[in-house]
Every structure is written in C-alpha cells, then in structure tokens.
Amino acid sequence: SLKTKDVVLSEDRPKTLLLQKHSDYLASYGLNKNDYEYCMTEYLRMSGIYWSLTAMELMNQSSRMPKEEIISFISTCQDSESGGISACNGHDPHMLYTLSAVQVLAMYDRLDAIDVEGVVKFVSSLQQEDGSFFGDKWGEVDTRFSFCAVMCLSLLHRLDAINVNKTVDFVVSCMNFDGGFGSKPGSESHAGLIYCCVGTLSICKRMEVLKADELAWWLCERQLPSGGLNGRPEKLPDLCYSWWVMSSLSMLNRIHWVDKKNLEQFILACQDSETGGFSDRPGDIPDPFHTLFGLAGLSLLGDTSIKRVNPTYCMPQETIDSGLLTSNLFQ
Ligand SMILES: COc1ccc(S(=O)(=O)N2Cc3cc(-c4ccc(C=O)o4)ccc3N(Cc3cncn3C)C[C@H]2Cc2ccc(O)cc2)cc1
Ligand SMILES: [Zn+2]
C-alpha cells in the first residue's frame with residue numbers, strides 16, 4: 001500500500017520517564033484478584049510475574065513485590081511427574097512458563113524452591129532428532145522454544161543436558177536469505193523470532209554463523225518516521241518490537257544503527273501518564289508485558305535512571321553477573 005503505516009506522536013505526549021507511576025502501576029496490578037484482565041490472563045500468570053518483577057527490578061522497586069507469595073506460587077506450579085512448570089495451578093506444564101519461573105527464582109536467588117533436576121529433565125525431554133524443541137507434550141515446534149530451552153538451562157548451568165550442536169543446526173536451518181529468522185525452516189523473518197534465534201546463538205557461543213550485516217540492515221529498516229520500530233515490513237510500530245530489534249542489534253554490537261533520540265521519544269510516548277505503565281502504541285491500554293519492554297528498551301538506550309539490562313536474557317545485568325560468578329565458583 002502507498003500509505004506507510006505509522007503513528008503520529010501528539011504534542012501533549014509524555015516526554016519524561018514517569019518512574020514512580022510505573023512502580024505504582026505494577027505494585028497494584030493483580031492486587032484485585034477479581035479484576036477482569038487479571039482473570040483473563042491466568043493462562044500466562046507465570047510470565048506475567050516475570051514481566052512485572054523484572055520491570056520492578058530494573059526500577060530498583062522489587063521490594064514492592066510479594067516475594068514469599070511468588071516463591072510459594074511457583075513451587076505449587078511444578079509438575080512432579082514431568083518436572084515442567086505451568087503458568088498457573090491446574091494448567092499443563094510448558095516451556096514458556098518453565099523459563100519464566102526459572103528467571104524469577106534466579107532474580108530472587110531462590111532456585112532451591114524447585115526441583116532443578118526435574119526442570120532439566122523436562123527441558124531436555126522436549127528436544128527432537130533435528131535439534132528443534134517442542135513447547136510441551138502436544139508437539140508444537142518453534143524457535144521460541146529453542147531459546148527458552150537454552151536460556152533456562154544456561155541459568156541452571158546445565159547446557160550439558162541437551163545437544164547444543166544440533167540446537168544450533170536447527171536454528172541455522174531457519175535462517176532466511178535476508179539474514180533473518182522465522183519460527184520454523186522457511187517461515188518469513190520476524191523481529192521477535194530473530195531475537196530468539198540470535199539469543200540462542202549468543203548463549204551457545206555460535207554467533208559466527210550469522211549474516212550479521214544483512215541481518216542488522218533488516219533490523220534497522222524496522223524504524224519508522226515516528227521513531228518506533230515494527231516487527232515486519234509494512235506493519236505498524238509497536239513498543240515490544242523496540243525490545244526485540246534493539247536487543248538483537250545490541251547482541252550484534254550494532255545498536256548505534258538505529259536513531260536513538262527518535263526511538264526514545266516513541267518509547268516515552270507509549271507511557272500512560274494517568275495509570276502508569278506502557279502500552280504497545282501511544283494512547284492504547286498499558287500492560288505489564290509492554291511496561292517491561294519499554295523500561296528494558298530505555299535501559300539499552302543508556303537511560304541511567306534504570307538498571308542495566310542484559311540484552312540476551314532480558315534480566316538485570318547484575319543477576320547474570322552473580323549467576324556467572326556462582327558457576328565459576330563450582331567449576
Ligand atoms: C491481549 O492479547 C494477547 C495476545 C497474546 C498474548 S501472549 O501471551 O501470547 N503474548 C504476550 C503478551 C502479553 C500481554 C499481556 C497483557 C496483560 C499481561 C499481563 O502480564 O500481559 C499482551 C500482549 C502480548 N502479546 C501480544 C502482543 C504484543 N504486542 C502486540 N501484540 C498483539 C505477545 C504474545 C507473544 C509473546 C511474546 C513474548 C513472550 O515472551 C511471550 C509471548 C497475550 C495477550
Ligand atoms: Zn507489542
């Protein structure tokens with residue numbers, strides 16, 4: 001279509017970071033257990049806790065989260081038979097929520113609250129002959145699950161439990177001519193899946209297989225006049241794509257390829273100055289998911305009022321550093 005899809009930033013948009021408002025928004029999110037949205041997002045509860053806690057950690061406000069309640073909730077979500085962890089009591093264990101639970105417990109330094117060997121068994125049992133990973137017992141393959149698997153095992157210092165070479169081979173089989181990646185071999189390039197595949201290769205220490213310049217070009221082509229980034233050509237900008245694109249460029253050491261000032265004004269415009277929180281685009285309803293990626297994006301852009309975020313794990317850099325220290329101690 002001739003009309004380039006983009007948004008126009010209004011003059012009265014937020015131009016400064018409303019940290020206290022975001023802290024209040026996340027602290028009160030989920031307090032009202034009968035709240036419509038809270039009930040509708042039960043199926044992703046474990047990930048919702050990861051998005052909220054990480055955002056609060058980045059703002060140095062995690063003391064406002066109910067730590068003991070979260071830790072005991074996670075231990076009740078582990079399936080004793082498979083070792084996997086579900087989004088909420090009574091739901092099926094899944095790779096997505098097993099990772100979220102491990103990320104939360106890593107930030108709290110409380111991995112003792114779960115059966116770590118059980119998690120290792122669950123994750124490694126989902127790897128297939130071609131190196132790919134299922135999300136759960138129902139057998140959906142997606143490069144998102146390759147990323148969940150290697151990130152989860154890396155946080156547990158147990159990458160030895162899977163075939164890393166075959167993991168890399170499958171990700172390489174999903175590489176497109178534009179240097180990007182999709183969810184499966186032949187799927188079209190998408191910013192979210194590129195983040196997952198670059199992150200997988202980064203953790204496996206195999207970034208040399210990438211077509212770095214073609215890929216970085218495709219990524220910075222995502223930036224629109226509004227400053228925002230989209231996930232594919234011809235799509236509208238969306239705050240969470242800021243994270244997928246910038247964290248990938250950061251891992252490629254090419255983050256300077258985007259117009260930082262323009263992108264920062266798009267991210268700030270996605271804040272809700274009434275309720276606090278960030279939404280996918282200016283004027284939409286905020287949620288914890290976009291609130292994390294707004295703060296993490298600003299952290300990558302160098303905003304020092306936010307703690308440094310690790311571009312691969314989307315967790316505070318200090319958590320990754322202390323985890324690596326621990327692993328060196330025991331090696
Ligand atoms: C509101 O509609 C959706 C659509 C998909 C999902 S999702 O779980 O498949 N998912 C993550 C996601 C979460 C939210 C959200 C609302 C409230 C909360 C509480 O914590 O979280 C909102 C959107 C969302 N999406 C969908 C999306 C994001 N930007 C545009 N859209 C349409 C992403 C989606 C896929 C996903 C991405 C990363 C990830 O780590 C996990 C899942 C959730 C709600
Ligand atoms: Zn989004």
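Order of appearance sets the numbers: ligands from 1, and atoms from 1 within every ligand. All values derive from a computational prediction rather than experimental measurement.
A salt bridge links Asp160 to Arg158: at least one charged side-chain nitrogen sits closer than 4.0 Å to a carboxylate oxygen.
Vertex the Zn ion (ligand 2); arms to Cys240 SG and His290 NE2; angle rounded to 10 degrees, 120°.
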Solution key, residues 58-66 side-chain donor-acceptor pairs under 3.5 Å, sequence neighbours excluded:
from, atom 1, to, atom 2, distance (Å)
Gln61, OE1, Ser23, OG, 2.8
Ser62, OG, Glu57, OE2, 3.0
Arg64, NH1, Ser23, OG, 2.8
Arg64, NH1, Asp24, OD1, 2.8
Arg64, NH2, Asp24, OD1, 3.2

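Taking backbone and side-chain atoms together, Asp238 has an N/O/S atom less than 2.8 Å away from the Zn ion (ligand 2).
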- request: Evaluate the criterion ring pair (Phe, Tyr, Trp, His ring centres under 6.0 Å) for residue pair His22 and Tyr29; output intermediate values, then yes/no.
  value: CA-CA 10 Å; His22 302 320; Tyr29 191 91; over 10 Å; no
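Atom CG of residue Leu239 and atom OG of residue Ser279 lie 7.5 Å apart, to the nearest 0.5 angstrom.
Ser154 and Tyr313 share a donor-acceptor pair across their side chains, judged by distance under 3.5 Å alone.
A side chain to side chain contact (heavy atoms under 4.5 Å, CB included) with Ile255 is found for one member of Val245, Leu219, Leu300 and no other, namely Leu300.
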Anything under 3.5 Å between an N or O on ligand 1 and a protein N or O? List each pair with its distance, or write none.
from, atom 1, to, atom 2, distance (Å)
ligand 1, 29 (N), Asp238, OD2, 3.0
ligand 1, 29 (N), His290, NE2, 3.2

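Taking the ring centre of Tyr38 as origin, the terminal cationic atom of Arg45 falls inside the region bounded by 6.0 Å and 45° from the ring axis.
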